[in-house]
Amino acid sequence: MIGAIAGGSRGWGQLLIGLVELGVLAFAGYRATQLVINDTILDPARDVVFRWRDRRPTSQARDWAVTLISCPYCMGWWLSGAILAVYLLVAGRWGDTSPLIHGIEWFAVAGAAVLLNRADTAMGQG
């Protein structure tokens with residue numbers, strides 16, 4: 001059953017990204033998240049979104065946008081997914097595996113990136 005769900009009779013090790021790939025993608029997801037929510041280079045872009053929300057503070061869509069660019073968990077989830085998707089497409093591995101496996105990989109990359117963010121926060125850096 002699991003073999004059918006996972007996309008064939010190959011073992012799990014051949015289906016999932018490796019630990020080195022997971023680590024590199026997690027660091028990339030962590031760094032991209034820090035860039036979007038914390039780094040001063042993007043302060044002007046974030047300020048535009050905050051001012052846009054302030055013009056209509058009761059707008060749920062505007063609140064959602066501010067939450068997205070302010071929350072390392074929210075932004076990290078989407079950036080990790082985008083980074084994973086680009087990696088899988090460029091590496092030619094997108095079609096080799098079922099979407100379920102790619103979803104599990106997305107959770108793994110985002111989870112590892114969040115652990116890096118939490119460690120950064122615990123050390124007083126983030």
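The closest side-chain heavy-atom distance from L116 to Q34 is not below 4.5 Å. Between L88 and I17 the shortest side-chain heavy-atom distance falls below 4.5 Å. Proximity of W64 to S59: side-chain heavy atoms (C-beta onward) are nowhere separated by under 4.5 Å. Between I83 and S80 there is no side-chain heavy-atom pair separated by less than 4.5 Å.
Residues in residues 68-95 take part in these ring-ring contact (aromatic ring centres under 6.0 Å, His included) pairs, two or more places apart or across chains: W77-W106, W77-F107, W78-W106, W94-H102. Within the structure, every pair that satisfies the side-chain hydrogen bond (donor to acceptor under 3.5 Å, both in side chains) test and touches residues 43-56, not counting sequence neighbours, is listed here: D43-R46.
Both V66 and V36 are members of a single hydrophobic cluster when ILVMFWY side chains are connected at heavy-atom separations under 4.5 Å. In this structure, V114 is not a member of the same hydrophobic cluster as M75, with clusters built from ILVMFWY side-chain heavy atoms closer than 4.5 Å. V24 and V109 fall into different hydrophobic clusters, where Ile, Leu, Val, Met, Phe, Trp and Tyr are joined by side-chain heavy atoms under 4.5 Å apart, directly or via other members. Hydrophobic clustering (side-chain heavy atoms under 4.5 Å, transitive across Ile, Leu, Val, Met, Phe, Trp, Tyr) groups L25 together with L22. Hydrophobic clustering places L84 together with L19 (ILVMFWY residues linked when any side-chain heavy atoms are closer than 4.5 Å, directly or through intermediates).
Taking OG1 from T97 and CG from L16, the interatomic distance works out to 8.0 Å, rounded to the nearest 0.5 Å. In this structure, CG on N117 lies 6.0 Å from CD1 on I37, to the nearest 0.5 angstrom. How far CD1 of I104 is from OG of S98: 7.5 Å, rounded to the nearest 0.5 Å. In this structure, the separation between CG on D120 and CG on N38 is 8.5 Å, given to the nearest 0.5 Å.
Here the closest heavy-atom approach between residue V49 and residue A65 is recorded as CG1-CB, 4.1 Å.
Within 6.0 Å of CZ on F27 lie no more than 12 heavy atoms contributed by other residues, nucleotides or ligands.
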